[in-house]
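Order of listing sets the numbers, starting from 1, for every ligand and every atom in it.
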Amino acid sequence: MKRIQGWGNNQTDYPVPEPAANYLKAVVGPPPDLKNKPVTDLLEAIPPAQLPNHPLVTQDPEERLRHARGQSLPDWVDMCDGLVNTFPDGVTYPESDADIRDLIQFAQKAGASLIPYGGGSSVVGHLTPPGDGPPTLSVDLAKMNRLINLNETSFEATFEAGVSGPQLEEALQKYGYTLGHFPQSWEYSTLGGWIVTRSVGQQSYHYGRIEPLFVGGHLESPEGPLDLPRIPKSAAGPDLRHLVLGSEARLGILTQATVRIRRMPEEEHFYAAFFPDFETGAEAVRRIAQAELPVSMVRLSDSMETETTFQLSGEEKLVNLAKLGLNLFGQREERCMLLYGLTGDRATTRLADRQLAHLVRSHQGMMVRYYLGEKWMEKRFLTPYLRNTLWDIGYALDTLETSLPWDKLQEGRQAVIDAIGHGLADENEPVLVFSHISHVYTNGGSVYVTYLFRRGEDPHQTLSRWQKLKAGASQRILEHGGTISHQHGVGLDHQPYLASEKGPLGMRLIQSAVRELDPGEIMNPGKLIDLNP
Ligand SMILES: Cc1cc2nc3c(=O)[nH]c(=O)nc-3n(C[C@H](O)[C@H](O)[C@H](O)COP(=O)(O)OP(=O)(O)OC[C@H]3O[C@@H](n4cnc5c(N)ncnc54)[C@H](O)[C@@H]3O)c2cc1C
């Protein structure tokens, strides 16, 4: 069963090992002793629904609560600390395009708005009902999860858009294919959600971001259906797929999507390497990207992330032994860990392996072929559960991300780290902050930052700490020419920063597309862009 408070399902836990808890105490301070608000209290506080009845819509309070928020830090404070005060008035599980057209008409007549719900893994406030104004209907696409067509001639598959990561891979792998899109939220995110938020999977270097994988699809908008034919490449004017990509439900509900698929790789390996410091490691990673070495992923942790990964592994003896070995080979306190993947046929992976080893060694790096890479692979969808345990013991954890050209990446990353690291100095609160470069291109890379701080005694204090850190970091990102989001999207939290990336005319273009397909503003109002600033 999916958790109402926190990430993932109730059956899975990721305990914080005792030495790691001690490490956090030493770095960020002893955590406050706090308890989540009981779910029964949250349910009691839900106001009566403001929607007329409809056979496809339930007004069950637990359903309304489950669909009230996503996974952003403010969402967590709302759901766990009991600040949640806006709820969808109803929840529906359509099973076909016809159901969706019916629901759009119902919303138009009832003066309601619609919030499509994929896996609920949004981390930027995409799913929050506005609260004031028209009633809201959450449209959960969980029942639209079928494989409609597998085209083995063109290497394409068409799915209903509510298919989740595990369902999609299971359907493809049965026939020897994969999409290869593995965001860390894979377990609880959907194809439709990936497309409309421009998601990026962990092996994007090999498989690509979701944009090149999205070949075509079908969108139901308040103004009618929009078909995006599956054409390999076209010079016939602007590509309408790019309007739907990143549209965050403002244009309608994506009901079907055709994606490019590949044969399952013959081989896949994950290995690690260490560099004496971040600058050297980042230079090696830039070379890997620019030499276009056929690796499937690279992830270079800074020294703080490397150390924290060691601490959180719970393998105290092994870690001490590893550190001794690394020290001997000149990888000391500032050491940075690179995780990399090799995916493909045997000849390609072997060639990539040799080329990578050469590049690592020529940058004072040291290869570690056993254990670390495999462990990362084994736990890659488990690590998000750590956020639950940390929260329960009194720490709030959040992440943010950007991408920057190589010539600005180091300076931009450092500025963000400094802004967060000193962001609560006025309260004398330390913040643990670390980062990695994880998606690389020939001209730049993404910087992914994780930060951890003590929850406040009062939920409003937790929220205000987060707001300070988020605002400081976002400002530094913009000053250094980075994007406000490389992969999480805009939602509510990034909206104030969008105009500086798109410019006034760009904002008007997006607004006019939304107005054209949704003149009544019933689709996820208030997210991505304000139509009446
Ligand atoms: C632990 C964790 C790890 C994450 N890791 C990554 C990562 O590695 N890479 C990455 O890119 N992101 C990551 N994310 C962010 C998030 O998973 C992505 O934004 C994901 O694409 C959202 O998909 P979803 O199905 O959960 O959408 P939801 O969260 O349900 O919805 C997100 C937005 O999409 C809209 N939407 C959903 N489905 C449809 C549809 N069919 N038609 C129209 N609109 C729709 C919703 O209305 C909403 O506006 C992570 C989040 C978490 C919590």
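When hydrogens are left out, the protein atom nearest atom 7 (C) of ligand 1 is Pro183 CB, 3.4 Å; that is the closest non-hydrogen contact. At the shortest separation from atom 47 (O) of ligand 1 among protein heavy atoms lies Pro116 O, 2.6 Å. When hydrogens are left out, the protein atom nearest atom 38 (N) of ligand 1 is Gly193 N, 3.5 Å; that is the closest non-hydrogen contact. Protein heavy atom at the shortest distance from atom 8 (O) of ligand 1 is Gln184 N, 2.9 Å. Residue, atom and distance of the protein heavy atom nearest to atom 24 (P) of ligand 1 are Gly119 N, 3.4 Å. Looking only at heavy atoms of the protein, atom 2 (C) of ligand 1 is closest to Ser185 CB, 3.7 Å. Residue, atom and distance of the protein heavy atom nearest to atom 44 (N) of ligand 1 are Ala249 CB, 3.4 Å. Nearest non-hydrogen protein atom to atom 48 (C) of ligand 1 is His126 CB, 3.4 Å.
At under 3.5 Å, not a single nitrogen or oxygen of Val196, backbone or side chain, sits near a nitrogen or oxygen of ligand 1. Between Gly192 and ligand 1, no pair of N/O atoms sits closer than 3.5 Å. Among the atoms of Val200, some N or O lies under 3.5 angstrom from an N or O of ligand 1. Between Ser122 and ligand 1, at least one N/O pair is under 3.5 Å apart. For ligand 1, none of its N or O atoms has an N or O atom of Ser189 under 3.5 Å away.
Taking every non-hydrogen atom of Glu248 and a distance limit under 4.0 Å, the qualifying atoms of ligand 1 come out as 49 (O). When each atom of ligand 1 is checked for a heavy atom of Trp7 under 4.0 Å away, the hits are 53 (C). Here is the list of ligand 1 atoms found below 4.0 Å of a heavy atom in Asn524: 47 (O), 49 (O). Atoms of ligand 1 found under 4.0 Å from any heavy atom of Thr190 (numbered from 1 in listed order, with element): 24 (P), 25 (O). Less than 4.0 angstrom separates some heavy atom of Tyr188 from each of these atoms of ligand 1: 26 (O). The distance from ligand 1 to the heavy atoms of Pro384 drops below 4.0 Å at these ligand atoms: 1 (C). Every atom of ligand 1 is numbered from 1 in the order shown, and the set under 4.0 Å from a heavy atom of His488 is 12 (N), 13 (C), 14 (N), 15 (C). Heavy-atom proximity to Gly252, at under 4.0 Å, picks out these atoms of ligand 1: 43 (C).
For the residue pair Trp76 and Gln71, a side-chain donor N or O sits within less than 3.5 Å of a side-chain acceptor on the partner. Side-chain contact, His181 with Ser199: a donor N or O sits under 3.5 Å from an acceptor N or O. Using a 3.5 Å distance cut-off with no hydrogens or angles, the side chains of His439 and Ser204 do pair a donor with an acceptor. Side chains of Asp140 and His67: a donor on one and an acceptor on the other come within 3.5 Å. Counting only N and O atoms by type, the side chains of Tyr177 and Glu156 include no donor and acceptor under 3.5 Å apart.
A distance of 8.5 Å separates CG in Leu73 from CG in Leu397, rounded to the nearest 0.5 Å.
Of all the heavy atoms of Gln71, the ones lying under 4.0 Å from any atom of ligand 1 belong exclusively to the side chain. Using a 4.0 Å cut-off between heavy atoms, Thr197 contacts ligand 1 through its side chain alone, with no backbone atom that close. Using a 4.0 Å cut-off between heavy atoms, Leu219 makes no contact with ligand 1 at all. Within the 4.0 Å heavy-atom criterion, both parts of Leu254, backbone and side chain, lie near ligand 1. Contact annotation for Leu127 and ligand 1: only side-chain heavy atoms (C-beta onward) come within less than 4.0 Å of the ligand.
If you check each of Asp75, Asp140, Leu492, Leu141 against atom 40 (C) of ligand 1, the one with the closest non-hydrogen atom is Leu141. Heavy-atom proximity to atom 20 (C) of ligand 1, evaluated over Ser121, Gly217, Gly489, Ala257, is greatest for Ser121.
Taking the ring axis of Phe182 as reference, the NZ or CZ atom of Arg380 stays within 45° of it and closer than 6.0 Å to the ring centre. A cation-pi contact links Arg413 to Phe278, judged by a cut-off of 6.0 Å to the six-membered ring centre and 45° from its axis.
Ion pairing between Arg101 and Glu220 holds under the 4.0 Å rule for side-chain N and carboxylate O. Salt-bridge formation is detected for the pair Glu211/Arg198: a Lys NZ or Arg NE/NH1/NH2 atom is positioned less than 4.0 Å from an Asp or Glu carboxylate oxygen. Using a 4.0 Å cut-off between charged nitrogen and carboxylate oxygen, Arg66 and Glu63 do not count as a salt-bridge pair. A salt bridge links Asp81 with Arg455: at least one charged nitrogen is closer than 4.0 Å to a carboxylate oxygen.
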Pair Phe453-Trp466, ring pair (Phe, Tyr, Trp, His ring centres under 6.0 Å): steps then yes or no: CA-CA 9 Å; Phe453 56 97; Trp466 174 81; 9.0 Å; no
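Within 6.0 Å of CD on Glu516 lie no more than 12 heavy atoms contributed by other residues, nucleotides or ligands.
The only option from Glu187, Lys379, Gln184 that meets the side chain to side chain contact (heavy atoms under 4.5 Å, CB included) definition with Pro384 turns out to be Gln184. If you run side chain to side chain contact (heavy atoms under 4.5 Å, CB included) between His436 and each of Ser446, Cys336, Ser301, only Ser301 comes through.
Within the 4.0 Å heavy-atom shell around ligand 1 one finds Gly120.
Looking at Tyr385, its side chain does come within 3.5 Å of a backbone N or O of Asn9 through a donor-acceptor pair.
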